[in-house]
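We count residues from 1, following the sequence as given.
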Amino acid sequence: MTKPLSIKCFVGETDKQAREEALEYLPDFFRLQVEHYETDARPWDNVSGYEQFSQMFSTLKDMCHPANLGPFLNQNLVGSPETVAARIRQLQDIGFNYFVLTNATYGVPRSVRQSTIRLFAEEVIPLVAEGARAPVPAQ
């Protein structure tokens, strides 16, 4: 059974470089989401069953500030090839076996997107393959 995970990805030569790039570009992406979804309007606040929307959108607004993104970066694939490979292994250990990488978000220059994908292909994949897991059995 395929267990996919869509995940943000910024790979740099070092953890510091990757995190700096993510912190430079992701806040603009979150600001765009806040504007597009008009999170301050909150029309769903009094609609039963939509309580989570209010919580999710208030969190989205907080993510417009780089100082708030540390936990988000840690949950995604942000770092050196070694750090990203280790994170993939953690995610595999909890059952994910198909990763949809996203780094082509609003405001991320093509050069940064291409560098991340190149490093992922050339350095992360071989590291993950070294510790390849047996396929997850179908359930």
Side-chain angles (χ1 to χ4, degrees):
M1 170 186 272
T2 301
K3 294 185 180 176
L5 178 64
S6 179
I7 193 162
K8 297 285 185 228
C9 184
F10 286 84
V11 183
E13 295 293 337
T14 65
D15 288 340
K16 183 177 188 278
Q17 177 195 359
R19 291 180 80 82
E20 285 174 354
E21 286 179 347
L23 290 173
E24 180 177 352
Y25 301 114
L26 286 175
D28 287 340
F29 167 73
F30 290 117
R31 268 192 281 296
L32 181 66
Q33 300 305 303
V34 167
E35 291 170 16
H36 176 75
Y37 292 108
E38 299 177 342
T39 60
D40 289 332
R42 304 173 68 102
W44 49 81
D45 274 358
N46 297 319
V47 179
S48 179
Y50 280 79
E51 295 84 3
Q52 290 300 316
F53 274 72
S54 292
Q55 183 178 3
M56 179 182 73
F57 282 122
S58 67
T59 300
L60 193 61
K61 194 168 186 179
D62 292 341
M63 294 174 76
C64 295
H65 305 288
N68 298 332
L69 288 177
F72 179 82
L73 300 185
N74 295 340
Q75 291 174 355
N76 285 271
L77 302 177
V78 180
S80 67
E82 295 79 13
T83 297
V84 170
R87 180 68 180 133
I88 289 172
R89 287 189 202 103
Q90 290 173 334
L91 294 166
Q92 288 174 322
D93 286 345
I94 59 174
F96 293 103
N97 59 9
Y98 190 93
F99 299 91
V100 179
L101 307 180
T102 59
N103 75 340
T105 56
Y106 172 79
V108 179
R110 183 175 294 197
S111 62
V112 172
R113 297 187 316 244
Q114 290 173 342
S115 175
T116 281
I117 295 304
R118 181 184 49 76
L119 285 168
F120 190 88
E122 294 175 359
E123 298 189 33
V124 175
I125 291 173
L127 289 172
V128 173
E130 286 174 9
R133 305 279 198 282
V136 176
Q139 294 181 355

Notebook entry, point to check: Nearest 0.5 Å, what's the CG-NE2 distance between Leu23 and His65?
Noted result: 13.5 Å
Checklist line | Close side-chain approach of Asn76 to Cys9, heavy-atom, < 4.5 Å | finding: no
Notebook entry, point to check: Which value, rounded to the nearest 0.5 Å, describes the distance between Gln33 atom CD and Glu35 atom CD?
Noted result: 10.0 Å
Next item on the list: Indicate, with yes or no, if Met1 and Tyr98 share a hydrophobic cluster defined by side-chain heavy-atom contacts under 4.5 Å among Ile, Leu, Val, Met, Phe, Trp and Tyr.
Entry: no
Next item on the list: Could you tell me whether Glu20 and Lys16 have a side-chain N and a carboxylate O separated by less than 4.0 Å?
Entry: yes
Note to self: With a 4.5 Å cut-off on side-chain heavy atoms, are Val112 and Asn103 touching?
What the structure shows: no
Check: Are Phe30 and Phe72 near enough that their ring centres are under 6.0 Å apart?
Finding: yes
Check: Tracing side-chain links under 4.5 Å among I, L, V, M, F, W and Y, which residues wind up in one group with Ile117?
Finding: none
Next item on the list: For residues Val11 and Leu77, determine if any side-chain heavy atom of one lies less than 4.5 Å from a side-chain heavy atom of the other.
Entry: no
Could you tabulate the donor-acceptor pairs under 3.5 Å formed by side-chain atoms of residues 118-129, not counting sequence neighbours?
none

Margin query: For Asn97 and Gln92: C-alpha separation, side-chain torsions, deciding distance, then whether side chain to side chain contact (heavy atoms under 4.5 Å, CB included) applies.
Written below: CA-CA 6 Å; Asn97 59 9; Gln92 288 174 322; over 6 Å; no
Next item on the list: Quick one: do Lys8 and Phe29 satisfy side chain to side chain contact (heavy atoms under 4.5 Å, CB included)? Show the steps, please.
Entry: CA-CA 12 Å; Lys8 297 285 185 228; Phe29 167 73; 3.9 Å; yes
